[in-house]
Amino acid sequence: MKNNNYTIAVVTLQEDCYKKEYGFKCFDETIKNGDSVICDARDKYCVATVLKIQTQEEYGKPVTKDIVCKFDDSEYKQRVKERVKQNGLIMQAKANKYDEMLKCVSFSICTSGDEVKDLAGNVMLAPRQIETSCVIVKIKEMIKAAGFEFEGNVGWSIVE
């Protein structure tokens, strides 16, 4: 028996890289714009988003595939949103800690070349102390004083 009592859901398939619009028979009257649905497309089920609902006359083209069902993924999307927010806060905290460390370690040599100053302009090393090993020792001391730790002799890392 043929059921002609349906509307056309115009959707975009999530797997479609071209983001084309496709029409599917929609027998569920509760489906509306923006809903997530499972479609019987390309000989397999695909997730799609409903763009609009049209009558058969408005759509004007023959439709052979159906919407299988509507699904609610709002709770999942909320969990993902919270996870992204938490990860963003963690990354921001790490970035802030990294910036603090760079402020401690960054220094510039005066144009006269007679002393090394930090970013605030404070003299860190006197002229006779400007040797590679001295600078490295001083930088390591500053990093440790700022609350950071080293990973062996290779370098430093942000430790939470």
Legend entry - Candidate list Val50, Asp35, Ile38, test side chain to side chain contact (heavy atoms under 4.5 Å, CB included), partner Lys70, passing option: Asp35

Inset, instruction - State whether Phe24 and Lys65 meet the cation-pi test: NZ (Lys) or CZ (Arg) under 6.0 Å from the six-membered ring centroid, and within 45° of the perpendicular axis. - result: no

Legend entry - Stepwise side chain to side chain contact (heavy atoms under 4.5 Å, CB included) check, Glu21 with Leu51: CA-CA 8 Å; Glu21 296 181 2; Leu51 300 176; 3.5 Å; yes

Legend entry - Rounded distance (nearest 0.5 Å) linking atom CD of Gln56 with atom NZ of Lys61: 14.5 Å

Inset, instruction - Could you tell me the separation between the NZ atom of Lys85 and the CG atom of Asn87, rounded to the nearest 0.5 Å? - result: 12.5 Å

Legend entry - More than 12 heavy atoms of other groups within 6.0 Å of Tyr76 OH: no

Inset, instruction - Spell out, yes or no, whether Ile53 and Ile67 are grouped together once hydrophobic residues are joined by side-chain heavy atoms under 4.5 Å, including indirect joins. - result: yes

Legend entry - side chain to side chain contact (heavy atoms under 4.5 Å, CB included) evaluation trace for Gln54 with Val10: CA-CA 7 Å; Gln54 295 182 326; Val10 180; 3.7 Å; yes

Legend entry - Audit row: Phe71, Ser36, side chain to side chain contact (heavy atoms under 4.5 Å, CB included) steps and yes/no: CA-CA 6 Å; Phe71 70 94; Ser36 296; 3.6 Å; yes

Legend entry - Co-membership, hydrophobic cluster, residues Val11 and Val63, 4.5 Å side-chain: no

Inset, instruction - Using the six-membered ring of Tyr18, assess whether NZ or CZ of Lys20 lies under 6.0 Å from its centre and within 45 degrees of the ring axis. - result: no

Inset, instruction - Indicate whether any N or O donor in one side chain lies under 3.5 Å from an N or O acceptor in the other, for Asp16 and Tyr22. - result: yes

Legend entry - Lys81 NZ: over 12 foreign heavy atoms closer than 6.0 Å: no

Inset, instruction - Might you point out which heavy atoms bring Thr55 and Ile8 nearest each other, and give the distance in Å? - result: O-CG1, 4.1 Å

Inset, instruction - State, to 0.1 Å, how close Tyr6 and Lys25 come at their nearest heavy-atom pair, and which atoms those are. - result: CE1-CG, 3.5 Å

Inset, instruction - Give the minimum heavy-atom separation between Lys19 and Leu13, together with the two atoms involved. - result: NZ-O, 3.8 Å

Inset, instruction - Using a strict 4.0 Å threshold on nitrogen-to-oxygen distance, state whether Glu82 and Lys77 make a salt bridge. - result: no

Legend entry - Under 3.5 Å donor-acceptor, Gln14 side chain and Cys46 backbone: no

Legend entry - Residue pair Lys44, Glu15: steps toward the salt bridge (charged side-chain N to carboxylate O under 4.0 Å, His left out) verdict: CA-CA 12 Å; Lys44 64 179 181 176; Glu15 294 178 3; 3.2 Å; yes

Legend entry - Spacing of Asp66 atom CG and Asp28 atom CG [to the nearest 0.5 Å]: 12.0 Å

Inset, instruction - Report yes if the side chains of Val68 and Tyr45 come closer than 4.5 Å at any heavy-atom pair, otherwise no. - result: yes

